[in-house]
Amino acid sequence: QVQLVESGGGLVQSGGSLRLSCAASGRTFNNYIMAWFRQAPGKEREFVAAISRFGRHTDYADSVKGRFTISSDNAKNTVSLEMNSAKPEDTAVYYCALDSSGILRRSLRSYDYWGQGTQVTVSS
C-alpha cells in the first residue's frame, strides 16, 4: 500500500501564491507518475498537473499552465505544486495521486492511490 499525505492548503488572496506538498510512503515502484487533481464544490474532480518519477516529463491542464509548477524530490518522496497568480476559480480541494503504471495520463481512473485532500481557497 501507498500512503499519500497532502499539506500546505489554506486561504490566499487572488493573485497570491501557495505551495502544496504531498508526502508518499509505503510501497515503492520502479516507475510511477505523481499528479495533482482538484475538485470544486458541485463539480467533478479534474486533472491539474502530473510529473514523472525523475521529473523528466510534466503535464499541465490548460487552466493552470504558466501559473502552477509541479516538482518532485525523490530523496524525500515528495511532490509539490507551486501555485502562483491564484484565481478564485482555483478554489477547490486538491488531491495528490499516484499512478503505478508509469504512464503519464490525465484520467482519474489511471491513478491507483489518492491522498485525503487539502482545501485551497482563493479570495477575490
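Every value quoted in this text rests on a predicted model; they were computed, and no experiment measured them.
For residues 113-124, no residue pair satisfies the salt bridge (Lys or Arg N to Asp or Glu O under 4.0 Å) rule, not counting sequence neighbours. Evaluation of the disulfide (SG to SG under 2.5 Å) test over residues 13-96, restricted to residues two or more places apart or in two chains, returns C22-C96. Each side-chain hydrogen bond (donor to acceptor under 3.5 Å, both in side chains) pair with one or both residues in residues 66-75, not counting sequence neighbours, appears once here: R67-D90. Screening residues 110-124 for salt bridge (Lys or Arg N to Asp or Glu O under 4.0 Å), with sequence neighbours left out, gives no hits.
Proximity of Y94 to E6: side-chain heavy atoms (C-beta onward) are nowhere separated by under 4.5 Å. Side-chain contact between L4 and Y95 is absent, with no heavy-atom pair separated by less than 4.5 Å. Contact check for R27 versus F29: side-chain heavy atoms found under the 4.5 Å cut-off.
Remark: S52 OG to M34 CE distance equals 12.0 Å, nearest 0.5 Å. Interatomic distance, CG of L20 versus OG1 of T78, reported as 12.5 Å (0.5 Å rounding).
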query: Do Q1 and Q3 pass the side-chain contact (heavy atoms from CB on, under 4.5 Å) test, and can you show the C-alpha distance, the side-chain angles, and the key distance before you say yes or no?
result: CA-CA 7 Å; Q1 285 292 339; Q3 293 77 43; 3.7 Å; yes

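In terms of the side chain to side chain contact (heavy atoms under 4.5 Å, CB included) criterion, residue partners of A50 (sequence neighbours excluded) are, by chain and number, I33, A35, F47, L104, Y111. Looking at residues two or more places apart in sequence or on another chain, you find no salt bridge (charged side-chain N to carboxylate O under 4.0 Å, His left out) involving K43.
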